[in-house]
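This report refers to the structure that appears directly beneath it.
Residue numbers start at 1 and run along the sequence shown. Computed from a predicted structure; not experimentally measured. Hydrogens, waters and symmetry mates play no part in the numbers below; they use all other heavy atoms, side chains included.
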Amino acid sequence: MSVLSQPYFHDEAAAFAKLEEILWADGIVCPHCGTVGKAYEIKGKTTRIGLKKCGACRKQFTVKVGTVFESSHVPLHKWFQAVFLMASSKKGISAHQLHRTLEVTYKTAWFMAHRIREAMRTMGMEPMGGEGGVVEVDETFIGREPGKPKKRAYHHKMKVLTLVDRESGRARSMVVDDLKPATIAPILRENMAREARLATDEAGHYLRIGKEFAAHGVVRHGREEYVVGEVHTNTIEGYFSIFKRGMKGVYQHCAKKHLHRYLAEFDFRYNYREANGVGDQSRVLKVLEGVVGKRLKYQTPCI
């Protein structure tokens, strides 16, 4: 039997029931007043599917209120299909493919994809490399900085900094404006534990900040050094290979104002991959658990 044969991928009532099961496991929560367990379902032939009324504040709501699905006219079961397609496609799925598969307009598919990426964003992350673990840090370049003329090397390209915790196999990426030590150092201080062991290439912007951690191992790629003991950046290069194949082969173009959300998508799939014990269905569940409190409006998709 196909995974997509599950009722909540085709039936609207089943989709609402599934989302309620995920988000309201401990009882119905009113998004207006926060009261738990005092809401009841409103029934009737003309009543919207999943409509509830709070016994405390007397306001009506559905499980979509306060999530990335709020105010969307797309049926919830199509949202479930879109979440599965994005969560299970290793290098992503384009908005054009979504619009053809889901039979929605391209504009709708594009915005749906951004809302799902918003649900994939991880909030409140703890420092990497706790208990002396190795954290690989490197940067990569993609596309072109807005308004910058093409030059040699990477100066005209958008810059992405990524950290990979080798012990947990998790990645964390961010867009940076430049690679100056003053820009890189605060990011590493915020995202790495002091007892972590840093592994980088010979780039100069890591040298001073590297002294603040338990150890700093360097591989000099210019001298054709790629592995020195346990020091290497091969793990993070593997992450970059997936990211660039997806960005160039599937998405092809990305404006800088949206790049942070594409990074969240690739980070999410990398962190919840098969090698970390997470299958496709569990990954979809993780996305749906992250939809709360992340409303995204079409007028402001780059925030």
Side-chain angles (χ1 to χ4, degrees), residues 86 89-99 106-107 109-111 113-114 117-118 120-121 136-164 171-188 190-191 198-210 218-226 232-270 296 298-303:
M86 288 191 66
S89 303
K90 187 172 184 178
K91 298 176 183 68
I93 180 169
S94 69
H96 265 295
Q97 186 65 51
L98 282 177
H99 119 80
Y106 171 68
K107 182 178 178 180
W110 181 88
F111 189 38
H114 274 297
R117 292 185 188 103
E118 185 68 14
M120 291 176 171
R121 293 178 69 181
E136 298 178 26
V137 181
D138 201 1
E139 68 282 339
T140 192
F141 312 97
I142 189 166
R144 183 183 295 188
E145 285 273 3
K148 285 196 175 183
K150 187 173 181 180
K151 295 182 179 179
R152 296 180 61 186
Y154 59 83
H155 301 286
H156 63 287
K157 291 180 174 289
M158 295 184 288
K159 301 156 187 70
V160 173
L161 182 73
T162 298
L163 299 82
V164 172
R172 192 174 301 171
S173 305
M174 57 222 68
V175 183
V176 293
D177 292 325
D178 56 64
L179 298 176
K180 297 176 182 178
T183 301
I184 303 299
I187 295 174
L188 299 194
E190 183 179 351
N191 289 280
L198 179 63
T200 70
D201 56 23
E202 69 270 38
H205 42 262
Y206 299 121
L207 298 181
R208 179 172 293 182
I209 185 62
V218 176
V219 284
R220 293 169 175 80
H221 293 162
R223 300 180 186 176
E224 297 189 356
E225 284 183 0
Y226 297 99
H232 61 78
T233 58
N234 294 344
T235 313
I236 202 167
E237 294 293 349
Y239 170 85
F240 285 149
S241 71
I242 297 171
F243 168 66
K244 287 202 169 183
R245 286 191 182 106
M247 294 303 294
K248 292 180 179 180
V250 177
Y251 298 124
Q252 299 182 27
H253 171 75
C254 173
K256 187 176 182 179
K257 63 183 179 181
H258 299 307
L259 182 55
H260 67 290
R261 204 163 280 122
Y262 284 90
L263 288 170
E265 176 189 353
F266 282 91
D267 281 356
F268 178 86
R269 281 197 300 263
Y270 185 84
L296 187 65
Y298 191 85
Q299 292 83 357
T300 55
C302 58
I303 296 176

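If you take OG on S173 and CZ on F243, they are separated by 7.5 Å, rounding to the nearest 0.5 Å. Atom NZ of residue K244 and atom CD1 of residue I142 lie 6.5 Å apart, to the nearest 0.5 angstrom. One distance of note links OG1 of T200 with CD1 of I236; it measures 10.0 Å at 0.5 Å rounding. Here OG of S94 is found 10.0 Å from CE of M86. Values are rounded to the nearest 0.5 Å.
Between the side chains of E265 and Y251, a donor-acceptor pair is found at a separation under 3.5 Å. Between T233 and D138, the side chains place no donor N or O within less than 3.5 Å of an acceptor N or O (distance only, hydrogens not considered).
I93 and S89 make their closest contact through CB-OG, 4.2 Å (heavy atoms, listed as atom of the first residue, atom of the second, distance). The two residues K159 and D178 have their closest heavy-atom pair at CD-CA, 3.9 Å. What you find for A95 and A109 is that their closest heavy atoms are O-CB, 3.4 Å. Counting all heavy atoms, side chain and backbone alike, L259 lies closest to M247 at CD1-CE, 4.3 Å. The heavy-atom pair separating L198 from G210 by the smallest distance is CD2-CA, 3.8 Å. The minimum heavy-atom distance between Y206 and V137, with the atom names listed, is CE2-CG1, 3.7 Å.
The one candidate from K150, M158, H253 that meets the side-chain contact (heavy atoms from CB on, under 4.5 Å) condition with R144 is K150.
Checking side-chain atoms of E202 against main-chain N and O of G222 turns up a donor-acceptor pair under 3.5 Å. Formation of a donor-acceptor pair under 3.5 Å by the R121 side chain with backbone atoms of F268 is not found in this model. In this structure, E139 contributes its side chain and L179 its backbone to no donor-acceptor pair below 3.5 Å.
Within the 6.0 Å centre-distance limit, the rings of Y262 and H114 are counted as a close aromatic pair. Here the two rings, on Y226 and H232, have centers that are 6.0 Å apart or farther.
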Between S241 and E237, does the side-chain contact (heavy atoms from CB on, under 4.5 Å) criterion hold? Intermediate values first, please. CA-CA 6 Å; S241 71; E237 294 293 349; over 6 Å; no

Carefully, step by step, assess H221 and V219 under the rule side-chain contact (heavy atoms from CB on, under 4.5 Å). CA-CA 6 Å; H221 293 162; V219 284; 3.5 Å; yes

side-chain contact (heavy atoms from CB on, under 4.5 Å), that's the test. Do I242 and K90 meet it? Break it down for me. CA-CA 8 Å; I242 297 171; K90 187 172 184 178; 3.7 Å; yes

Would D267 and Y239 count as a side-chain contact (heavy atoms from CB on, under 4.5 Å) if you check the C-alpha gap in whole Å, the side-chain angles of each, and the deciding distance to 0.1 Å? CA-CA 9 Å; D267 281 356; Y239 170 85; 2.5 Å; yes

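Aromatic ring orientation, F141 versus Y154: parallel (interplanar angle below 30°, classes split at 30° and 60°).
By the salt bridge (Lys or Arg N to Asp or Glu O under 4.0 Å) test, K256 pairs with E145, D177, sequence neighbours left out.
By the 6.0 Å and 45° rule, R269 stacks over the aromatic ring of F266.
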